[in-house]
Amino acid sequence: MAYCCVPGCRSFSRQNIEKTSFHKFPQDRDLMKTWIVKIRRDIGPNFQITKNTRVCSKHFSPECFLRTLTGIRKLKEGSVPSVFTWTQRSHKRKTLRSQGKCHLEEHLEEHEEDESSTKDGPSSEECPVTEMPNTDHDYCVEPMTTEEQLVAAREEISRLSAENEALKSQQFGIQNFMGNPKLIQFYTGFPDYDTLRAVFLALQPTAQTMASWAQVQRTSGTNQHTLRVGFQAQHLSLFNQFFMFLCRIRLGLLEQDLALRFNVSQSTVSRICVTWANYLYFMLGSLPIWPSRAAVDELMPEYFKSLYPKTRVQTASSKVLNSETYSHYKGTTTLKSLVGISPDGSMTFVSSLYTGSISDKEITKSSGILNLLEEGDAVMVDKGFLIKDVLDEIYATVIIPPFLGPSGQFSHEELAHTHNIARLRIHIERAIRRIKEYHIFDRVIPLSLAGSVNQLWTVCGILTNFQGPLF
(Lines give C-alpha, C1' and ligand atoms only; values in the text may rest on other atoms or scores of the structure.)
Protein backbone atom coordinates (compact mmCIF):
# COMPACT_ATOMS: atom_id res chain seq x y z
CA MET A 1 0.00 0.00 0.00
CA ALA A 2 1.44 3.37 -1.10
CA TYR A 3 1.11 6.71 0.69
CA CYS A 4 1.82 10.23 -0.49
CA CYS A 5 4.65 11.85 1.52
CA VAL A 6 3.56 15.46 0.84
CA PRO A 7 2.58 17.25 4.09
CA GLY A 8 -1.18 17.52 4.42
CA CYS A 9 -1.93 15.04 1.62
CA ARG A 10 -3.96 11.98 2.66
CA SER A 11 -3.86 9.99 -0.56
CA PHE A 12 -3.12 6.30 -0.29
CA SER A 13 -3.66 3.41 -2.63
CA ARG A 14 -6.24 1.42 -0.64
CA GLN A 15 -8.93 4.10 -0.95
CA ASN A 16 -7.90 5.23 -4.43
CA ILE A 17 -11.34 6.32 -5.67
CA GLU A 18 -9.96 9.04 -7.95
CA LYS A 19 -7.50 6.64 -9.60
CA THR A 20 -4.54 8.53 -8.27
CA SER A 21 -1.12 7.26 -9.31
CA PHE A 22 1.90 7.22 -6.97
CA HIS A 23 5.39 8.01 -8.26
CA LYS A 24 8.84 7.27 -6.90
CA PHE A 25 11.52 9.90 -6.35
CA PRO A 26 13.91 10.30 -9.31
CA GLN A 27 17.36 8.71 -9.25
CA ASP A 28 19.06 11.91 -10.37
CA ARG A 29 20.35 13.59 -7.19
CA ASP A 30 19.82 17.17 -8.35
CA LEU A 31 16.29 16.42 -9.44
CA MET A 32 15.63 14.57 -6.19
CA LYS A 33 16.78 17.63 -4.21
CA THR A 34 14.38 19.77 -6.24
CA TRP A 35 11.48 17.44 -5.36
CA ILE A 36 12.42 17.62 -1.66
CA VAL A 37 12.44 21.42 -1.73
CA LYS A 38 9.14 21.55 -3.60
CA ILE A 39 7.28 19.28 -1.18
CA ARG A 40 8.79 21.13 1.79
CA ARG A 41 10.26 18.14 3.60
CA ASP A 42 13.64 17.86 5.33
CA ILE A 43 15.77 14.74 5.34
CA GLY A 44 16.25 13.69 8.96
CA PRO A 45 15.15 11.25 11.67
CA ASN A 46 11.46 11.73 10.76
CA PHE A 47 11.80 11.53 6.98
CA GLN A 48 14.02 9.35 4.82
CA ILE A 49 13.70 8.65 1.11
CA THR A 50 13.44 4.93 0.38
CA LYS A 51 12.23 2.83 -2.53
CA ASN A 52 8.71 3.00 -1.03
CA THR A 53 8.53 6.80 -0.72
CA ARG A 54 5.93 8.19 -3.16
CA VAL A 55 4.41 11.49 -4.37
CA CYS A 56 0.87 11.17 -5.73
CA SER A 57 -0.29 12.50 -9.10
CA LYS A 58 -2.40 15.23 -7.46
CA HIS A 59 0.74 17.33 -7.04
CA PHE A 60 1.74 17.34 -10.71
CA SER A 61 0.26 19.50 -13.44
CA PRO A 62 -1.42 17.69 -16.39
CA GLU A 63 1.48 18.64 -18.67
CA CYS A 64 3.79 16.39 -16.59
CA PHE A 65 2.09 13.15 -17.75
CA LEU A 66 2.03 11.11 -20.91
CA ARG A 67 0.06 8.00 -21.94
CA THR A 68 1.71 4.85 -23.21
CA LEU A 69 0.23 2.76 -25.99
CA THR A 70 -1.31 0.52 -23.35
CA GLY A 71 -2.93 3.46 -21.62
CA ILE A 72 -0.63 3.61 -18.60
CA ARG A 73 0.00 7.12 -17.27
CA LYS A 74 3.68 7.97 -16.69
CA LEU A 75 5.63 11.03 -15.63
CA LYS A 76 7.75 12.82 -18.18
CA GLU A 77 11.49 12.99 -17.48
CA GLY A 78 12.41 16.06 -15.45
CA SER A 79 8.90 16.58 -14.10
CA VAL A 80 8.66 18.41 -10.77
CA PRO A 81 5.66 18.48 -8.38
CA SER A 82 4.12 21.93 -8.25
CA VAL A 83 0.50 21.59 -7.07
CA PHE A 84 0.18 21.94 -3.29
CA THR A 85 -2.18 23.51 -0.80
CA TRP A 86 0.28 26.30 -0.12
CA THR A 87 0.57 27.19 -3.81
CA GLN A 88 -3.19 27.74 -4.23
CA ARG A 89 -4.65 31.25 -3.83
CA SER A 90 -6.05 31.73 -0.33
CA HIS A 91 -8.76 34.14 0.84
CA LYS A 92 -7.72 37.31 2.53
CA ARG A 93 -7.76 36.97 6.27
CA LYS A 94 -9.88 39.21 8.39
CA THR A 95 -8.33 41.57 10.84
CA LEU A 96 -8.44 40.83 14.52
CA ARG A 97 -11.05 43.54 15.06
CA SER A 98 -13.42 42.19 12.44
CA GLN A 99 -12.92 38.63 13.66
CA GLY A 100 -13.67 39.72 17.22
CA LYS A 101 -16.81 41.49 16.02
CA CYS A 102 -17.88 38.42 14.12
CA HIS A 103 -17.46 36.17 17.15
CA LEU A 104 -19.46 38.64 19.29
CA GLU A 105 -22.27 38.73 16.72
CA GLU A 106 -22.32 34.92 16.63
CA HIS A 107 -22.67 34.81 20.41
CA LEU A 108 -25.56 37.34 20.38
CA GLU A 109 -27.29 35.53 17.54
CA GLU A 110 -27.06 32.21 19.35
CA HIS A 111 -28.53 33.82 22.49
CA GLU A 112 -31.37 35.34 20.51
CA GLU A 113 -32.08 32.02 18.80
CA ASP A 114 -32.51 30.33 22.17
CA GLU A 115 -35.13 32.87 23.25
CA SER A 116 -36.98 33.23 19.97
CA SER A 117 -39.34 30.74 18.38
CA THR A 118 -38.30 28.37 15.68
CA LYS A 119 -40.36 30.18 13.09
CA ASP A 120 -37.80 32.87 12.78
CA GLY A 121 -35.35 30.30 11.39
CA PRO A 122 -31.58 30.48 11.49
CA SER A 123 -29.69 33.64 10.79
CA SER A 124 -28.72 34.13 7.22
CA GLU A 125 -25.51 35.94 8.07
CA GLU A 126 -22.52 33.72 8.61
CA CYS A 127 -19.01 34.65 9.66
CA PRO A 128 -16.48 33.26 7.21
CA VAL A 129 -14.09 30.80 8.81
CA THR A 130 -10.39 31.28 8.20
CA GLU A 131 -8.54 28.05 7.46
CA MET A 132 -5.66 27.15 9.77
CA PRO A 133 -2.31 27.18 8.04
CA ASN A 134 -0.41 23.95 7.61
CA THR A 135 1.76 23.52 10.74
CA ASP A 136 4.02 20.88 9.25
CA HIS A 137 6.36 23.60 7.94
CA ASP A 138 5.80 27.01 9.50
CA TYR A 139 7.82 29.34 7.31
CA CYS A 140 6.22 32.44 8.78
CA VAL A 141 8.11 32.26 12.08
CA GLU A 142 10.61 35.06 12.41
CA PRO A 143 14.22 33.89 12.72
CA MET A 144 16.08 34.30 16.00
CA THR A 145 18.14 37.43 16.44
CA THR A 146 21.90 37.26 16.87
CA GLU A 147 21.62 37.95 20.59
CA GLU A 148 19.05 35.17 21.02
CA GLN A 149 21.23 32.75 19.09
CA LEU A 150 24.21 33.67 21.28
CA VAL A 151 22.23 33.10 24.48
CA ALA A 152 20.95 29.76 23.19
CA ALA A 153 24.47 28.72 22.19
CA ARG A 154 25.81 29.59 25.63
CA GLU A 155 23.06 27.59 27.31
CA GLU A 156 23.83 24.60 25.09
CA ILE A 157 27.57 24.89 25.88
CA SER A 158 26.81 24.99 29.60
CA ARG A 159 24.59 21.93 29.31
CA LEU A 160 27.20 19.98 27.34
CA SER A 161 29.95 20.99 29.78
CA ALA A 162 27.90 19.76 32.74
CA GLU A 163 27.17 16.52 30.89
CA ASN A 164 30.88 16.11 30.11
CA GLU A 165 31.86 16.62 33.73
CA ALA A 166 29.24 14.09 34.84
CA LEU A 167 30.66 11.52 32.41
CA LYS A 168 34.20 12.22 33.63
CA SER A 169 33.15 11.68 37.23
CA GLN A 170 31.78 8.26 36.28
CA GLN A 171 35.03 7.18 34.60
CA PHE A 172 37.52 5.21 36.68
CA GLY A 173 40.52 7.41 37.45
CA ILE A 174 42.54 9.18 40.10
CA GLN A 175 40.02 12.05 40.15
CA ASN A 176 37.49 9.78 41.87
CA PHE A 177 39.66 9.10 44.93
CA MET A 178 41.36 12.42 45.68
CA GLY A 179 39.45 12.92 48.92
CA ASN A 180 39.64 9.34 50.20
CA PRO A 181 43.04 8.39 51.72
CA LYS A 182 41.94 4.81 52.40
CA LEU A 183 41.14 4.15 48.75
CA ILE A 184 44.31 5.93 47.65
CA GLN A 185 46.33 3.57 49.83
CA PHE A 186 44.29 0.60 48.66
CA TYR A 187 44.83 1.26 44.95
CA THR A 188 48.34 2.78 44.98
CA GLY A 189 50.11 1.99 48.26
CA PHE A 190 50.68 5.71 48.97
CA PRO A 191 49.34 6.94 52.32
CA ASP A 192 47.31 9.83 50.84
CA TYR A 193 46.66 11.85 47.70
CA ASP A 194 49.07 14.64 48.61
CA THR A 195 52.01 12.22 48.78
CA LEU A 196 50.99 10.59 45.51
CA ARG A 197 50.63 13.95 43.78
CA ALA A 198 53.97 15.20 45.12
CA VAL A 199 55.75 12.15 43.67
CA PHE A 200 54.00 12.57 40.33
CA LEU A 201 54.85 16.29 40.13
CA ALA A 202 58.50 15.42 40.72
CA LEU A 203 58.33 12.91 37.84
CA GLN A 204 56.17 14.98 35.50
CA PRO A 205 58.88 17.09 33.74
CA THR A 206 60.69 13.99 32.50
CA ALA A 207 57.55 11.86 32.08
CA GLN A 208 56.19 14.34 29.53
CA THR A 209 59.14 13.69 27.21
CA MET A 210 59.52 9.93 27.55
CA ALA A 211 58.79 7.62 24.63
CA SER A 212 56.73 4.49 24.97
CA TRP A 213 58.62 1.23 25.27
CA ALA A 214 56.96 -0.23 22.17
CA GLN A 215 57.93 2.78 20.05
CA VAL A 216 61.54 2.61 21.18
CA GLN A 217 61.70 -1.03 20.12
CA ARG A 218 60.11 -0.36 16.72
CA THR A 219 62.24 2.62 15.71
CA SER A 220 65.92 3.35 15.51
CA GLY A 221 65.60 6.41 17.74
CA THR A 222 66.46 8.92 15.01
CA ASN A 223 63.13 10.71 15.17
CA GLN A 224 62.75 11.55 18.86
CA HIS A 225 60.06 14.17 18.25
CA THR A 226 57.76 11.60 16.67
CA LEU A 227 58.25 9.26 19.61
CA ARG A 228 57.38 11.89 22.18
CA VAL A 229 54.30 13.13 20.39
CA GLY A 230 53.10 9.58 19.88
CA PHE A 231 53.27 8.77 23.57
CA GLN A 232 51.64 12.05 24.61
CA ALA A 233 48.69 11.25 22.35
CA GLN A 234 47.58 8.42 24.63
CA HIS A 235 43.90 8.30 25.60
CA LEU A 236 44.81 8.77 29.29
CA SER A 237 46.53 11.66 31.00
CA LEU A 238 50.01 11.10 32.43
CA PHE A 239 48.62 11.12 35.96
CA ASN A 240 46.07 8.43 35.13
CA GLN A 241 48.76 6.40 33.35
CA PHE A 242 50.80 6.53 36.55
CA PHE A 243 47.68 5.60 38.52
CA MET A 244 46.98 2.67 36.17
CA PHE A 245 50.51 1.34 36.66
CA LEU A 246 50.17 1.57 40.44
CA CYS A 247 46.84 -0.29 40.31
CA ARG A 248 48.49 -2.95 38.20
CA ILE A 249 51.32 -3.63 40.65
CA ARG A 250 49.49 -2.88 43.89
CA LEU A 251 46.36 -4.95 43.35
CA GLY A 252 47.67 -7.28 40.67
CA LEU A 253 44.71 -6.40 38.45
CA LEU A 254 44.71 -8.17 35.10
CA GLU A 255 45.27 -6.15 31.96
CA GLN A 256 41.76 -6.91 30.67
CA ASP A 257 40.26 -5.63 33.92
CA LEU A 258 42.25 -2.39 33.70
CA ALA A 259 41.27 -2.00 30.05
CA LEU A 260 37.58 -2.06 31.01
CA ARG A 261 38.09 0.26 33.98
CA PHE A 262 40.00 2.92 32.03
CA ASN A 263 38.12 2.43 28.74
CA VAL A 264 41.22 1.58 26.69
CA SER A 265 42.42 -1.49 24.84
CA GLN A 266 44.29 -4.31 26.53
CA SER A 267 47.36 -3.67 24.38
CA THR A 268 47.39 -0.05 25.56
CA VAL A 269 47.39 -1.21 29.18
CA SER A 270 50.31 -3.54 28.47
CA ARG A 271 52.35 -0.81 26.75
CA ILE A 272 51.67 1.72 29.51
CA CYS A 273 52.68 -0.70 32.28
CA VAL A 274 55.92 -1.75 30.59
CA THR A 275 56.79 1.86 29.78
CA TRP A 276 56.22 3.10 33.33
CA ALA A 277 58.03 0.12 34.85
CA ASN A 278 61.19 0.93 32.91
CA TYR A 279 60.81 4.67 33.38
CA LEU A 280 60.36 4.44 37.16
CA TYR A 281 63.21 1.92 37.38
CA PHE A 282 65.49 4.53 35.84
CA MET A 283 64.14 7.49 37.82
CA LEU A 284 63.75 5.88 41.26
CA GLY A 285 66.90 3.83 40.78
CA SER A 286 68.88 7.04 40.52
CA LEU A 287 67.79 8.12 44.03
CA PRO A 288 70.57 7.82 46.66
CA ILE A 289 68.71 5.44 48.99
CA TRP A 290 71.95 4.06 50.49
CA PRO A 291 72.64 6.42 53.44
CA SER A 292 76.05 7.48 54.69
CA ARG A 293 77.50 6.21 57.95
CA ALA A 294 76.79 9.57 59.60
CA ALA A 295 73.14 9.51 58.46
CA VAL A 296 72.69 5.97 59.79
CA ASP A 297 74.10 6.95 63.19
CA GLU A 298 71.92 10.06 63.35
CA LEU A 299 68.66 8.23 62.59
CA MET A 300 69.45 5.03 64.50
CA PRO A 301 66.89 4.23 67.22
CA GLU A 302 68.10 4.21 70.81
CA TYR A 303 67.63 0.48 71.36
CA PHE A 304 69.83 -0.16 68.32
CA LYS A 305 72.50 2.19 69.65
CA SER A 306 72.52 0.47 73.02
CA LEU A 307 72.81 -3.05 71.58
CA TYR A 308 74.42 -2.95 68.12
CA PRO A 309 75.68 0.57 67.39
CA LYS A 310 77.80 -0.50 64.38
CA THR A 311 74.83 -1.92 62.44
CA ARG A 312 74.74 -0.50 58.91
CA VAL A 313 72.10 -2.69 57.33
CA GLN A 314 69.81 -5.65 57.93
CA THR A 315 69.69 -8.04 55.02
CA ALA A 316 67.49 -10.93 54.00
CA SER A 317 66.86 -12.88 50.84
CA SER A 318 63.32 -13.19 49.55
CA LYS A 319 61.72 -15.68 47.18
CA VAL A 320 59.29 -13.55 45.29
CA LEU A 321 58.32 -14.60 41.80
CA ASN A 322 57.24 -17.54 39.72
CA SER A 323 59.73 -18.12 36.91
CA GLU A 324 61.21 -20.84 34.75
CA THR A 325 63.87 -21.83 37.28
CA TYR A 326 63.11 -24.55 39.82
CA SER A 327 63.92 -24.11 43.53
CA HIS A 328 64.12 -27.18 45.79
CA TYR A 329 63.58 -24.93 48.84
CA LYS A 330 60.22 -23.61 47.69
CA GLY A 331 59.21 -26.62 45.66
CA THR A 332 58.19 -24.39 42.75
CA THR A 333 59.69 -22.08 40.17
CA THR A 334 60.94 -18.88 41.83
CA LEU A 335 63.27 -15.91 41.62
CA LYS A 336 65.30 -14.57 44.52
CA SER A 337 66.41 -11.12 45.63
CA LEU A 338 68.53 -9.60 48.42
CA VAL A 339 67.01 -6.62 50.23
CA GLY A 340 68.38 -4.48 53.02
CA ILE A 341 67.02 -1.87 55.42
CA SER A 342 68.77 0.62 57.66
CA PRO A 343 68.28 0.46 61.45
CA ASP A 344 65.55 3.14 61.20
CA GLY A 345 63.51 0.91 58.84
CA SER A 346 64.12 2.62 55.46
CA MET A 347 64.64 0.44 52.40
CA THR A 348 68.26 1.04 51.44
CA PHE A 349 69.13 -1.84 49.12
CA VAL A 350 67.22 -3.89 46.53
CA SER A 351 69.21 -6.30 44.40
CA SER A 352 68.35 -7.69 41.02
CA LEU A 353 66.49 -10.98 40.81
CA TYR A 354 68.43 -14.22 40.59
CA THR A 355 67.48 -17.83 40.11
CA GLY A 356 65.68 -19.33 43.07
CA SER A 357 68.37 -21.95 43.69
CA ILE A 358 71.17 -19.42 44.33
CA SER A 359 72.72 -19.52 47.83
CA ASP A 360 72.71 -16.62 50.28
CA LYS A 361 76.47 -16.30 50.11
CA GLU A 362 76.51 -16.22 46.34
CA ILE A 363 73.73 -13.65 46.09
CA THR A 364 75.57 -11.47 48.61
CA LYS A 365 78.67 -11.56 46.40
CA SER A 366 76.77 -10.94 43.16
CA SER A 367 74.35 -8.26 44.36
CA GLY A 368 76.97 -5.54 44.86
CA ILE A 369 76.17 -4.81 48.50
CA LEU A 370 79.77 -5.59 49.51
CA ASN A 371 80.93 -2.57 47.49
CA LEU A 372 78.72 -0.30 49.61
CA LEU A 373 79.86 -1.49 53.04
CA GLU A 374 82.72 0.26 54.83
CA GLU A 375 85.31 -1.01 57.20
CA GLY A 376 83.87 -1.54 60.68
CA ASP A 377 80.25 -1.84 59.51
CA ALA A 378 78.06 -4.58 60.94
CA VAL A 379 75.46 -6.51 58.97
CA MET A 380 72.56 -8.12 60.83
CA VAL A 381 71.39 -11.37 59.25
CA ASP A 382 69.24 -14.36 60.11
CA LYS A 383 70.59 -17.74 61.19
CA GLY A 384 71.71 -19.70 58.17
CA PHE A 385 72.94 -16.62 56.34
CA LEU A 386 76.58 -17.74 56.36
CA ILE A 387 78.48 -14.75 55.04
CA LYS A 388 81.00 -14.19 57.85
CA ASP A 389 83.98 -15.16 55.71
CA VAL A 390 82.80 -12.85 52.94
CA LEU A 391 82.48 -9.90 55.32
CA ASP A 392 85.86 -10.63 56.89
CA GLU A 393 87.48 -9.88 53.56
CA ILE A 394 86.23 -6.27 53.68
CA TYR A 395 86.79 -5.93 57.46
CA ALA A 396 83.10 -5.89 58.27
CA THR A 397 81.32 -7.95 60.91
CA VAL A 398 78.15 -10.01 60.95
CA ILE A 399 75.48 -10.01 63.65
CA ILE A 400 73.86 -13.45 63.63
CA PRO A 401 72.07 -15.58 66.24
CA PRO A 402 74.42 -18.13 67.85
CA PHE A 403 74.40 -21.79 66.86
CA LEU A 404 73.87 -24.56 69.37
CA GLY A 405 77.24 -25.78 70.64
CA PRO A 406 78.42 -29.21 71.82
CA SER A 407 76.87 -28.63 75.24
CA GLY A 408 73.42 -28.98 73.71
CA GLN A 409 72.01 -25.80 75.25
CA PHE A 410 72.47 -22.04 75.05
CA SER A 411 73.99 -19.96 77.80
CA HIS A 412 72.17 -16.99 79.29
CA GLU A 413 74.26 -14.61 77.18
CA GLU A 414 73.48 -16.56 74.01
CA LEU A 415 69.78 -16.61 74.83
CA ALA A 416 69.77 -12.86 75.43
CA HIS A 417 71.73 -12.32 72.21
CA THR A 418 69.26 -14.47 70.25
CA HIS A 419 66.29 -12.66 71.79
CA ASN A 420 67.70 -9.22 70.95
CA ILE A 421 68.42 -10.14 67.35
CA ALA A 422 64.98 -11.70 66.90
CA ARG A 423 63.35 -8.57 68.34
CA LEU A 424 65.22 -6.37 65.87
CA ARG A 425 65.08 -8.71 62.90
CA ILE A 426 61.29 -8.49 62.81
CA HIS A 427 61.64 -5.17 61.00
CA ILE A 428 63.33 -6.66 57.93
CA GLU A 429 60.49 -9.16 57.68
CA ARG A 430 57.97 -6.32 57.84
CA ALA A 431 59.88 -4.51 55.10
CA ILE A 432 59.75 -7.59 52.86
CA ARG A 433 56.05 -7.92 53.60
CA ARG A 434 55.53 -4.36 52.38
CA ILE A 435 57.04 -5.29 49.02
CA LYS A 436 54.95 -8.44 48.78
CA GLU A 437 51.81 -6.38 49.42
CA TYR A 438 52.22 -5.38 45.78
CA HIS A 439 50.05 -8.26 44.62
CA ILE A 440 51.43 -8.41 41.12
CA PHE A 441 53.84 -10.97 42.61
CA ASP A 442 51.01 -13.23 43.78
CA ARG A 443 50.67 -14.98 40.43
CA VAL A 444 52.81 -15.97 37.49
CA ILE A 445 54.26 -12.93 35.76
CA PRO A 446 52.78 -12.75 32.21
CA LEU A 447 55.03 -12.81 29.18
CA SER A 448 54.22 -9.17 28.45
CA LEU A 449 56.05 -8.22 31.69
CA ALA A 450 58.68 -10.97 31.70
CA GLY A 451 61.32 -8.61 30.34
CA SER A 452 60.59 -6.06 33.07
CA VAL A 453 60.62 -8.34 36.13
CA ASN A 454 63.74 -6.76 37.63
CA GLN A 455 62.35 -3.28 37.06
CA LEU A 456 59.04 -4.15 38.70
CA TRP A 457 60.69 -5.66 41.78
CA THR A 458 63.07 -2.72 42.24
CA VAL A 459 60.32 -0.13 41.75
CA CYS A 460 58.06 -1.84 44.28
CA GLY A 461 60.90 -2.02 46.80
CA ILE A 462 61.74 1.67 46.50
CA LEU A 463 58.08 2.74 46.54
CA THR A 464 57.75 1.29 50.05
CA ASN A 465 59.84 4.23 51.30
CA PHE A 466 56.92 6.53 50.47
CA GLN A 467 54.56 4.66 52.78
CA GLY A 468 55.91 6.31 55.92
CA PRO A 469 58.00 5.02 58.83
CA LEU A 470 58.19 1.27 59.32
CA PHE A 471 57.97 1.60 63.12
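- Under 4.0 Å is where a charged nitrogen must lie from a carboxylate oxygen, and between Arg159 and Glu155 no such pair does.
- Residues satisfying the ring-ring contact (aromatic ring centres under 6.0 Å, His included) test with Phe349, not counting sequence neighbours, are none.
- Side-chain contact, Ser346 with Asp344: a donor N or O sits under 3.5 Å from an acceptor N or O.
- In this structure, CZ in Arg433 is found 5.5 Å from CD in Glu437, a value given to the nearest 0.5 Å.
- The structure places CZ of Phe239 at 9.0 Å from CD of Gln204, a figure rounded to the nearest 0.5 Å.
- Between Phe200 and Leu196, the closest side-chain pair of non-hydrogen atoms is not below 4.5 Å.
- Arg73 is listed as a side-chain neighbour of Ser57, based on a closest heavy-atom distance under 4.5 Å.
- Contact between Lys58 and Thr20 at its shortest, heavy atoms only, is CE-OG1, 3.6 Å.
- Contact check for Val264 versus Val269: side-chain heavy atoms found under the 4.5 Å cut-off.
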For this session: With side-chain contact (heavy atoms from CB on, under 4.5 Å) as the test, would you mind laying out the steps for Ser61 and Cys64 before giving the verdict?
Result: CA-CA 6 Å; Ser61 61; Cys64 295; 3.3 Å; yes
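- Here the closest non-hydrogen pair linking Ser452 and Asn278 is OG-ND2, 3.3 Å.
- One finds the CZ atom of Phe22 at 10.5 Å from the SG atom of Cys5 (value rounded to the nearest 0.5 Å).
- Ser317 contributes atom OG, which lies 10.0 Å from atom CD1 of Ile358 (distance to the nearest 0.5 angstrom).
- Within a 6.0 Å sphere centred on NZ of Lys76, heavy atoms belonging to other residues, nucleotides or ligands number more than 12.
- Contact record, Arg41 with Pro7: CD-CG, 3.3 Å, taken as the closest heavy-atom pair.
- The closest donor-acceptor contact from the side chain of Gln48 to the backbone of Gly44 lies under 3.5 Å.
- Within 6.0 Å of CD in Glu148 there are more than 12 heavy atoms belonging to other residues, nucleotides or ligands.
- Between Thr34 and Val37 the shortest side-chain heavy-atom distance does not fall below 4.5 Å.
- Residue Phe47 qualifies as enclosed at atom CZ: its count of foreign heavy atoms under 6.0 Å is above 12.
- A donor and an acceptor atom, one from each side chain of Thr268 and Ser265, are located under 3.5 Å apart.
- Note: Cys273 SG to Leu456 CG = 8.5 Å, rounded to the nearest 0.5 Å.
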For this session: Just do the side-chain contact (heavy atoms from CB on, under 4.5 Å) check on Ile36 and Met32 with the steps written out, would you?
Result: CA-CA 6 Å; Ile36 295 173; Met32 181 188 295; 4.2 Å; yes
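- Partners of Phe245 by ring-ring contact (aromatic ring centres under 6.0 Å, His included), not counting sequence neighbours: none found.
- Proximity of His59 to Cys9: side-chain heavy atoms (C-beta onward) are separated by under 4.5 Å at one or more points.
- In plain terms, the two heavy atoms of Ile39 and Phe25 that are nearest each other are CD1-CZ, 3.8 Å.
- Atom CD1 in Ile440 sits 11.0 Å away from atom CG in Leu246 (nearest 0.5 Å).
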Exercise. What do the steps show when you test Ile341 against Val313 for side-chain contact (heavy atoms from CB on, under 4.5 Å), and what is the final call?
Worked result: CA-CA 5 Å; Ile341 65 170; Val313 65; 5.8 Å; no
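- Smallest separation of non-hydrogen atoms from Ser79 and Leu31: O-CD1, 4.2 Å.
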With a cut-off of 3.5 Å and sequence neighbours excluded, list every side-chain donor-acceptor pair involving residues 184-192.
unit_1 : atom_1 : unit_2 : atom_2 : d
Thr188 : OG1    : Ile184 : O      : 2.5
Thr188 : OG1    : Phe190 : N      : 3.2
Asp192 : OD1    : Asp194 : N      : 3.3
Asp192 : OD1    : Thr195 : N      : 2.8
Asp192 : OD1    : Thr195 : OG1    : 2.7

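- Salt bridge status for Lys336 with Asp360: present, with a side-chain N to carboxylate O gap under 4.0 Å.
- Ring-plane geometry between Phe65 and His23 is classed as tilted, the angle between the planes lying from 30 to 60 degrees on a 0 to 90 degree scale.
- In this structure, Ser367 contributes its side chain and Ser351 its backbone to no donor-acceptor pair below 3.5 Å.
- Leu203 has its side chain within reach of Leu280: a pair of non-hydrogen atoms, C-beta onward, lies under 4.5 Å apart.
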For this session: Could you go through the side-chain contact (heavy atoms from CB on, under 4.5 Å) check for Phe243 and Phe177 one step at a time?
Result: CA-CA 11 Å; Phe243 178 62; Phe177 311 107; 3.8 Å; yes
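- For Tyr279, the side-chain hydrogen bond (donor to acceptor under 3.5 Å, both in side chains) partners at least two apart in sequence or on another chain are Thr206.
- No side-chain donor from either of Thr348 and Ser342 sits under 3.5 Å from a side-chain acceptor of the other.
- When all heavy atoms of Leu338 and Ile363 are compared, the pair lying nearest together is N-CD1, 3.8 Å.
- Applying the 6.0 Å contact sphere to CD of Glu77 captures no more than 12 heavy atoms from other residues, nucleotides or ligands.
- Trp457 places none of its side-chain heavy atoms less than 4.5 Å from the side chain of Ser352.
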For residues 458-471, which side-chain donor-acceptor pairs fall under 3.5 Å, sequence neighbours excluded?
unit_1 : atom_1 : unit_2 : atom_2 : d
Thr458 : OG1    : Asn454 : O      : 2.9
Thr464 : OG1    : Gly461 : O      : 2.5
Asn465 : OD1    : Met347 : N      : 2.8
Asn465 : ND2    : Met347 : O      : 3.0
Gln467 : NE2    : Tyr438 : OH     : 3.4

Would you mind writing out the side-chain donor-acceptor pairs for residues 252-263 within the sub-3.5 Å range, not counting sequence neighbours?
unit_1 : atom_1 : unit_2 : atom_2 : d
Glu255 : OE2    : Ser448 : OG     : 3.1
Asp257 : OD1    : Arg261 : NE     : 3.0
Asp257 : OD2    : Arg261 : NE     : 3.4

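- Residues Phe60 and Ser82 are not in side-chain contact: their nearest non-hydrogen atoms beyond the backbone lie 4.5 Å or more apart.
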